[in-house]
Q: 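Dumping the structure here so I can ask a few things about it.
Numbers restart at 1 for each chain; the letters A, B, ... are given by sequence-line order, proteins then strands.
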Amino acid sequence: MSVPRFWRKQTNRYNLIGTKCETCGTYYFPPRSLCPKCRREGKIVDYKFKGTGKIVTFSVVRTASDKFDLQTPFVVAIIELDEGTRLTAPVICSDINEVYIGMRVKSTFRKISADGDSGIIVYGTKFIRE
Amino acid sequence: MSVPRFWRKQTNRYNLIGTKCETCGTYYFPPRSLCPKCRREGKIVDYKFKGTGKIVTFSVVRTASDKFDLQTPFVVAIIELDEGTRLTAPVICSDINEVYIGMRVKSTFRKISADGDSGIIVYGTKFIRE
Amino acid sequence: MRDVAVVGVGLTKFGERWGDSFREMCVEAGVKAIDDAGMDGDDIQEMFVGNMSGGRFVLQEHIGALIADYSGLATNHIPATRTEAACASGGLAFRQAVNCIASGAQDIVIAAGVEKMTDVSGGETTDALAGAADREWEGMYGVTFPSLYAMMARDYMNRYGMTREELAQVAVKNHYNGARNPIAQYQKEITIDTVLNSTLVADPLRLMDCSPVTDGAAAVILCSLDRAKEFTDCPVKVLASTQASDTISLHDRRDISTLDATVAAANRAFDIAKIERKDVDLVEVHDCFTIAEICAIEDMGFCKKGEAGKLTAEGYTALDGKLPVNTSGGLKACGHPVGATGIKQVCEVVTQLRGEAGKRQVDGAEIGMTHNVGGTGATVVTSIFRRV
Amino acid sequence: MRDVAVVGVGLTKFGERWGDSFREMCVEAGVKAIDDAGMDGDDIQEMFVGNMSGGRFVLQEHIGALIADYSGLATNHIPATRTEAACASGGLAFRQAVNCIASGAQDIVIAAGVEKMTDVSGGETTDALAGAADREWEGMYGVTFPSLYAMMARDYMNRYGMTREELAQVAVKNHYNGARNPIAQYQKEITIDTVLNSTLVADPLRLMDCSPVTDGAAAVILCSLDRAKEFTDCPVKVLASTQASDTISLHDRRDISTLDATVAAANRAFDIAKIERKDVDLVEVHDCFTIAEICAIEDMGFCKKGEAGKLTAEGYTALDGKLPVNTSGGLKACGHPVGATGIKQVCEVVTQLRGEAGKRQVDGAEIGMTHNVGGTGATVVTSIFRRV
Ligand SMILES: [Zn+2]
Ligand SMILES: [Zn+2]
């Protein structure tokens with residue numbers, strides 16, 4: 001991954017900072033510069049998510065792109081944060097069979113990948129059982 | 001460069017083998033599976049070019065992509081082969097100032113590039129003064 | 001808006017075409033389509049080419065001009081446009097070609113689709129395909145394309161109680177059809193056990209739930225309906241071609257296992273075509289994964305949500321069923337050269353409506369439909385066709 | 001075919017936009033265009049996005065849906081189509097949008113263009129751009145994009161006797177104009193010596209003959225002419241928008257330094273618009289390199305072959321000349337985010353025809369034209385506009 005493309009959103013990735021529209025009260029992660037509900041009437045501000053939520057659905061990645069090949073198998077999930085927004089993230093667990101739909105999770109700061117080409121180590125948010 | 005994409009046309013690149021349309025007598029390099037003049041009425045056969053021709057126009061590449069960076073400066077030219085078709089190729093010369101429009105050239109088999117990513121060394125046709 | 005007809009179709013063999021280049025495959029399909037229409041290259045007034053990722057797969061952009069050139073049309077200077085919406089790139093090319101004629105701008109247009117996927121490594125292919133989803137907020141975390149559809153499958157199975165065996169039957173049926181299609185990548189029947197015993201790719205999806213990596217190209221010739229008889233005895237009329245978008249990320253959808261873009265595109269297509277679901281004789285749907293076919297049948301409105309698995313198991317969608325789905329073998333068995341798929345679907349429906357589908361012919365087919373998806377559902381194109 | 005008008009334009013600042021992502025830039029331009037038209041996002045019925053190489057520059061395909069989503073339009077499920085023809089990708093998006101309304105299919109359509117080029121290294125950028133030419137038979141040999149245009153320049157100078165100083169004047173003029181454009185990447189005047197003393201990139205072209213690497217986005221709102229007055233007091237009518245193709249490789253052209261696709265597209269545009277060359281008050285041409293502007297002026301028919309260098313040196317194409325060319329600063333000074341350029345040109349012409357171009361306003365401009373090239377001339381789009 002290229003340097004600027006990664007560093008641009010590092011604060012958001014590291015600290016689970018998304019956005020909130022103060023007009024309609026909707027939370028967004030990933031962050032959005034425009035509220036799809038209010039558009040020009042929206043008032044977007046940064047918002048740091050509490051980082052707690054539950055698993056909506058999940059899978060176990062067993063065949064990955066080269067960059068993630070050494071990490072397989074690993075669990076990925078769509079997580080609904082308690083603020084109501086959903087995101088996609090890896091879930092860390094000692095046993096991949098313990099993960100279930102509805103499981104409570106909380107965010108944690110971890111290494112995501114070591115990029116082979118540019119040598120940049122990418123950090124971000126993963127989730128663990130609450 | 002990927003392996004199959006390169007090896008697919010290696011015979012053509014190594015030996016300057018293009019195609020000829022037997023219907024209209026036109027020569028093609030790079031090879032074409034369809035004669036633009038005759039289309040379905042065309043009869044395409046392989047043709048090994050003599051490899052002699054003259055420079056139509058040329059430039060000196062001084063800023064290149066990573067793969068060719070170590071070779072700069074190098075001369076590239078559009079060459080009109082004696083059979084009438086034109087192609088783009090590097091021209092090897094001891095002094096880049098000796099190249100001129102109309103200069104007679106002949107083909108020679110050389111290394112084109114060493115691919116950093118896949119480690120494949122690409123060979124093909126370059127041109128030298130006749 | 002004028003009526004539009006398909007008057008020629010052309011397909012390459014789908015599969016791992018080690019000896020053939022990107023441009024050669026697309027030209028091959030185009031020439032076959034022009035031949036099929038009994039016309040000359042000079043008749044073609046405009047070209048649309050669907051291609052997902054020439055930039056990643058063969059390091060080539062500017063696809064439209066490249067194909068026009070190697071088709072021998074450069075000196076005619078026809079407009080040549082590449083369209084892209086990931087795996088729906090072919091569908092987009094088709095719809096733009098239809099609109100180009102319907103508007104009266106041109107009379108005869110070619111729509112093609114092409115993808116050359118086997119020139120790069122498997123890991124590189126996986127990464128390029130992840131560009132169909134959100135690179136920053138899905139792909140960044142190692143989420144693969146199969147794992148996104150796997151999350152759809154898990155959500156669906158959890159809510160509607162579809163069994164693993166019912167899901168596997170989608171692949172079994174499509175391989176049965178593919179075994180009757182001479183251009184299919186896999187022409188071999190399989191059993192439910194073949195699916196259930198295949199390698200896990202992204203739980204609960206296994207290798208035999210997934211469409212393969214494929215090289216291939218497809219092309220169709222479109223013409224105003226009033227001129228169609230100049231070129232063919234059996235023109236196929238385009239009753240509708242519609243396109244809809246949705247969020248790029250699966251996690252942002254209203255419902256994880258409903259493709260709202262399919263619902264929107266299909267509803268609009270049926271409105272425009274002025275026909276009912278029950279009038280449709282066969283459908284080519286976008287079964288990039290088995291779960292995708294299940295969702296497609298439901299979201300297009302052919303049955304209620306949650307019912308498609310049971311219907312599939314009962315043979316409702318089989319070649320001799322009430323609504324044959326993916327008679328070509330679908331993406332699963334026929335293969336899935338991503339940019340070509342949307343055009344290949346049209347080729348199959350036209351071939352069926354002409355009664356030229358050989359061993360996989362649906363008797364008396366009059367109305368057919370196609371459904372082409374980009375990514376996990378951020379783009380959908382649906383089209384409806386009638387024999388005239 | 002209905003008449004079509006431009007009723008809104010939006011541009012981001014062009015340059016190295018380290019802090020802004022691909023999607024953010026495109027949404028910024030789109031929102032500005034919608035604001036400019038005084039309409040609401042819900043009014044937009046369809047979207048076209050020109051982008052050359054999201055796959056190489058930001059590893060993202062499926063561009064249309066991504067932009068529709070981040071523009072807040074996903075729940076409206078509007079069709080969103082990406083078009084690509086290298087540096088003419090934006091021009092293609094514009095033409096498809098025009099045809100979409102002209103046909104009666106839609107009333108209000110947005111056409112956008114975007115490129116994010118500075119997220120990758122310079123070498124990677126050079127390689128990605130080489131995808132606009134023939135990867136197998138031009139790029140394979142280390143031929144760069146500047147060296148292809150350099151071969152055109154050498155051929156041209158050899159045949160017509162244009163001097164190095166005359167060629168340099170193109171850059172001097174465009175920097176003069178760019179210094180008067182608040183969104184331009186370079187807003188600084190230069191002299192002929194600045195050009196002649198800059199680093200050689202590909203002989204005879206120097207750094208100051210070349211357009212820069214740029215991030216940026218542009219958008220325009222199109223509407224049927226009969227509804228245009230709902231949104232603006234000064235709609236700009238699209239008299240014609242035409243597209244032509246040619247061989248992908250420079251070496252296969254009929255003439256190395258004539259772009260036959262420009263000739264074909266421009267002739268067709270003037271025929272459709274029913275105006276003469278002398279009626280045109282200003283032109284935005286595709287000056288990716290200084291030589292490209294020289295060829296464009298001639299191939300569009302504004303003067304004879306071989307005359308454009310002298311005319312440029314005499315000030316004929318200057319801001320206060322007989323035919324102002326590239327009032328925006330052109331690709332050279334305004335910057336060249338490849339997928340956005342074709343749309344930016346339309347924004348500039350519309351701004352001029354509205355009389356809103358500030359310090360670079362051409363007095364009394366009524367008719368303007370744009371000229372957008374893909375690669376070395378394998379695709380060209382020309383459009384003609386009139387104030388109404
Ligand atoms: Zn809001
Ligand atoms: Zn011939």
Q: Is chain C contacted by the side chain of D:A264, its backbone, both, or neither, given a heavy-atom distance below 4.5 Å?
A: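 For D:A264, the side chain is the part near chain C, not the backbone.
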
Q: For the residue pair C:E136 / D:S21, report whether a side-chain donor-acceptor contact shorter than 3.5 Å exists.
A: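 No, no side-chain donor-acceptor pair sits under 3.5 Å.
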
Q: Hey, what do you get for CZ (D:R135) to CD (C:E61), rounding to the nearest 0.5 Å?
A: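 D:R135 CZ to C:E61 CD: 9.0 Å, rounded to 0.5 Å.
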
Q: Is C:N76 in contact with chain D via its backbone, its side chain, both, or neither, using a 4.5 Å heavy-atom distance?
A: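 When you check distances to chain D, no heavy atom of C:N76 falls under 4.5 Å.
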
Q: Report which part of C:Y70 has an atom under 4.5 Å of a heavy atom belonging to chain D: side chain, backbone, both, or neither.
A: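 When you check distances to chain D, only side chain atoms of C:Y70 fall under 4.5 Å.
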
Q: Quick check on C:A68 against chain D: is it the side chain, the backbone, both or neither that has a heavy atom closer than 4.5 Å?
A: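 Side chain only.
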
Q: Do the side chains of D:R95 and C:E46 get close enough for a salt bridge, i.e. N-O under 4.0 angstrom?
A: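 Looking at C:E46 together with D:R95, the answer is yes, because their closest N to O distance falls below 4.0 Å.
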
Q: Need one label for C:A102: side chain, backbone, both or neither, based on atoms under 4.5 Å from any heavy atom in chain D.
A: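 For C:A102, there is no contact with chain D at all, as no heavy atom is under 4.5 Å.
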
Q: Please flag which part of C:L92 lies under 4.5 Å from any non-hydrogen atom of chain D: side chain, backbone, both or neither.
A: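 Only the side chain of C:L92 comes within 4.5 Å of chain D.
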
Q: Under a 4.5 Å heavy-atom cut-off, does chain D meet the side chain of C:A133, its backbone, both or neither?
A: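 Contact with chain D: backbone only.
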
Q: For chain C, which residues of residues 246-254 of chain D have at least one non-hydrogen atom nearer than 4.5 Å to it?
A: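 Residues in range: D:D246, D:T247, D:I248, D:S249.
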
Q: For C:V58, is it the side chain, the backbone, both, or neither that has a heavy atom closer than 4.5 Å to a heavy atom of chain D?
A: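 Backbone of C:V58 only, per the 4.5 Å heavy-atom cut-off to chain D.
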
